[in-house]
Visitor: 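Please read through the structure below; I'll follow up with questions.
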Number of protein chains: 2
Amino acid sequence: MPKKKNGHFSDFLKRKSLRVTGERLRLFEGVSRQRGHFNVDGLVRRLHEQGLRVSRDMVYRNLPVLLEAGVIEQSFKTNRDTFYEAAARKKHHDHLYCRTCNRVVEFSDPVIEELQKKIAERFDFKVEFHCHQLVGVCKKCRK
Amino acid sequence: MPKKKNGHFSDFLKRKSLRVTGERLRLFEGVSRQRGHFNVDGLVRRLHEQGLRVSRDMVYRNLPVLLEAGVIEQSFKTNRDTFYEAAARKKHHDHLYCRTCNRVVEFSDPVIEELQKKIAERFDFKVEFHCHQLVGVCKKCRK
DNA sequence: TCCTTATTCAGACTGAGTCTTAATAAGGAA
DNA sequence: TTCCTTATTAAGACTCAGTCTGAATAAGGA
């Protein structure tokens with residue numbers, strides 16, 4: 001029984017005076033074990049396939065909570081959707097997005113991260129997340 | 001009469017075997033003189049106010065053309081809209097976006113730009129534009 | 001001038017994200 | 001435990017940025 005796993009999350013909820021509901025804990029567990037990028041509808045579909053009954057609306061309502069708790073982070077945006085991923089799985093990274101084949105390549109650069117932090121400080125800006133994606137055409141799609 | 005102004009644009013159209021229509025040239029001129037950030041519906045509204053009759057669809061259809069010709073560039077995205085700005089007006093920059101007051105602060109960092117270029121080269125990726133925004137809460141909104 | 005075909009317009013459509021309302025359940029008080 | 005207040009939930013309607021369709025128009029080559 002991994003009671004400990006969602007301990008941090010329910011602590012977070014209490015700290016924020018949000019109610020610790022079974023729904024939220026189940027959502028937390030379900031989301032935490034997802035791999036790769038997902039949009040909301042994709043997430044709901046996956047969770048259903050895994051036998052977890054959650055409504056789309058429930059996910060949308062709790063998105064800010066999951067983001068603030070650091071359970072997920074925003075990954076990248078296409079014209080249509082916003083994609084997320086479970087944050088605990090791996091360290092932060094940014095994305096190259098091929099608009100032709102929709103494939104995504106991850107990159108991370110500690111120098112860029114550091115410079116970003118400095119910029120935020122300079123403007124006295126509390127950054128909650130950032131979106132950094134290079135959009136274009138990958139090698140394959142250029143033939 | 002600044003005939004020369006849209007010369008580059010009509011050359012671009014010809015090079016791409018796209019038809020040089022009065023509509024497109026008018027759109028080009030209208031868009032070029034806009035200042036600040038705008039989304040599509042806002043742009044259409046502004047152009048109407050300035051006496052230029054363009055349909056929303058016309059703008060959407062020609063968005064890729066204007067982007068590729070370098071007339072506008074993508075600026076930042078909110079949950080709902082994508083914002084653009086006339087590119088010729090000023091040099092490239094990125095954005096801090098306050099999700100509370102929706103205000104936008106511009107920043108630019110040549111080192112980050114350079115590092116991005118290197119990353120794109122490493123993955124042999126032809127970058128058409130990039131989206132780099134730090135989302136959070138500005139000084140004022142934190143009281 | 002004619003003909004082909006890209007472009008334009010009007011308006012319907014799609015779907016991500018939001019909102020409403022009634023029902024439910026968390027958690028504090030006694 | 002029981003009751004009560006109030007946040008949360010489910011279902012489904014709604015909004016509106018962006019896309020698509022089909023008919024009318026006009027660019028540009030022959």
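These numbers were taken from a predicted model, which means no experiment stands behind them. Convention: sequence-line order gives letters A, B, ...; per-chain numbering from 1.
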Visitor: Between which residue ranges does DNA chain D form stems of three or more consecutive Watson-Crick or G-U wobble pairs, both distances under 3.5 Å?
Guide: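 The stems are C:1-30 with D:1-30.
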Visitor: Once rounded to the nearest 0.5 Å, what's the spacing between atom CG of B:Leu52 and atom CD of B:Glu23?
Guide: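 Rounded to the nearest 0.5 Å, the CG-CD separation comes out at 8.0 Å.
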Visitor: Could you walk me through whether A:Asn39 and A:His37 pass the side-chain hydrogen bond (donor to acceptor under 3.5 Å, both in side chains) check?
Guide: CA-CA 7 Å; A:Asn39 58 7; A:His37 309 111; over 6 Å; no
Visitor: Is the backbone of B:Asp124 close enough, under 3.5 Å, to the side chain of A:Arg142 for a donor and an acceptor to pair up by distance?
Guide: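 Such a contact is found between A:Arg142 side chain and B:Asp124 backbone.
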Visitor: State the NE2-NE2 distance between B:His130 and A:His95, to the nearest 0.5 angstrom.
Guide: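 One finds 16.0 Å between NE2 of B:His130 and NE2 of A:His95.
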Visitor: Starting at the 5' end of DNA chain D, which residue's closest nucleotide do you reach first, A:Ser17 or B:Asn39?
Guide: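 In this pair, the answer is A:Ser17.
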Visitor: For A:Arg99 and A:Val135, indicate whether the former's side chain and the latter's backbone hold a donor-acceptor pair under 3.5 Å.
Guide: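 Not a single qualifying donor-acceptor pair exists.
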Visitor: Would you jot down, in residue-number order, the residues of residues 55-67 of chain B having a non-hydrogen atom under 4.0 Å from DNA chain C?
Guide: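 Listed by number, they are B:Ser55, B:Asp57, B:Met58, B:Arg61, B:Asn62.
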Visitor: Atom CZ of residue position B:Arg103 - does it have more than 12 heavy atoms of other residues, nucleotides or ligands inside 6.0 Å?
Guide: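 Result for CZ/B:Arg103: open.
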Visitor: Side-chain heavy atoms nearer than 4.5 Å, only ILVMFWY residues, links allowed to pass through others: does that put B:Ile112 and B:Phe125 together?
Guide: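 The answer is yes; both residues are in one hydrophobic cluster.
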Visitor: May I ask you to verify if any side-chain N or O of A:Thr82 is less than 4.0 angstrom from the OP1 or OP2 atom of C:dG17?
Guide: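 Result: yes.
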Visitor: Are A:Glu68 and A:Phe12 packed together at the side-chain level, in the sense that at least one heavy-atom pair is separated by less than 4.5 angstrom?
Guide: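 The answer is yes; the side chains approach within 4.5 Å.
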Visitor: Among B:Gln74, B:His93, B:Arg35, which residue meets the side chain to side chain contact (heavy atoms under 4.5 Å, CB included) test with B:Glu85?
Guide: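 Testing B:Glu85 for a side chain to side chain contact (heavy atoms under 4.5 Å, CB included) against B:Gln74, B:His93, B:Arg35 leaves exactly one candidate, B:His93.
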Visitor: Which residues within residues 68-81 of chain A lie with some heavy atom under 4.0 Å of an atom in DNA chain C?
Guide: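 Under 4.0 Å from DNA chain C: A:Arg80, A:Asp81.
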Visitor: At under 4.0 Å between heavy atoms, what does B:Asp41 touch on the DNA or RNA strands: base, sugar-phosphate, or nothing?
Guide: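 Sugar-phosphate, no base atom in range.
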Visitor: Which residue pairs satisfy the salt bridge (Lys or Arg N to Asp or Glu O under 4.0 Å) criterion with at least one member in residues 37-57 of chain B, sequence neighbours excluded?
Guide: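 Residue pairs passing salt bridge (Lys or Arg N to Asp or Glu O under 4.0 Å), neighbours aside: B:Asp41-B:Arg56, B:Asp57-B:Arg61.
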Visitor: Going by an N to O cut-off under 4.0 Å, is there a salt bridge joining B:Arg26 and B:Glu29?
Guide: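 The answer is no: the pair does not qualify as a salt bridge.
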Visitor: If hydrophobic clusters are built by linking Ile, Leu, Val, Met, Phe, Trp and Tyr wherever their side-chain heavy atoms come under 4.5 Å apart, do A:Leu67 and A:Phe28 end up in the same one?
Guide: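 Yes.
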Visitor: Pick one: which of A:Val71, A:Leu63, A:Leu43 meets side chain to side chain contact (heavy atoms under 4.5 Å, CB included) with A:Tyr84?
Guide: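 Going through A:Val71, A:Leu63, A:Leu43 one by one, the side chain to side chain contact (heavy atoms under 4.5 Å, CB included) with A:Tyr84 is satisfied by A:Leu63 alone.
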Visitor: On DNA chain D, which is the earliest and which the latest nucleotide, 5' to 3', with an atom closer than 4.0 Å to a heavy atom of chain B?
Guide: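 From 5' to 3', the first and last contacting nucleotides are D:dC16 to D:dG28.
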Visitor: Name the pairs: protein N/O against N/O of nucleotides 27-30 of chain C, kept only if under 3.5 Å.
Guide:
from   : atom 1 : to      : atom 2 : distance (Å)
C:dG27 : OP1    : A:Val20 : N      : 3.0

Visitor: Between B:His92 and B:His132, does the ring centre distance come in under 6.0 Å?
Guide: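 Not close enough - the centres of the two rings lie 6.0 Å or further apart.
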Visitor: For a side chain to side chain contact (heavy atoms under 4.5 Å, CB included) check, start with the C-alpha distance between B:Leu25 and B:Ser10, then their side-chain angles and the critical distance, and finish with the verdict.
Guide: CA-CA 7 Å; B:Leu25 297 180; B:Ser10 67; 4.1 Å; yes
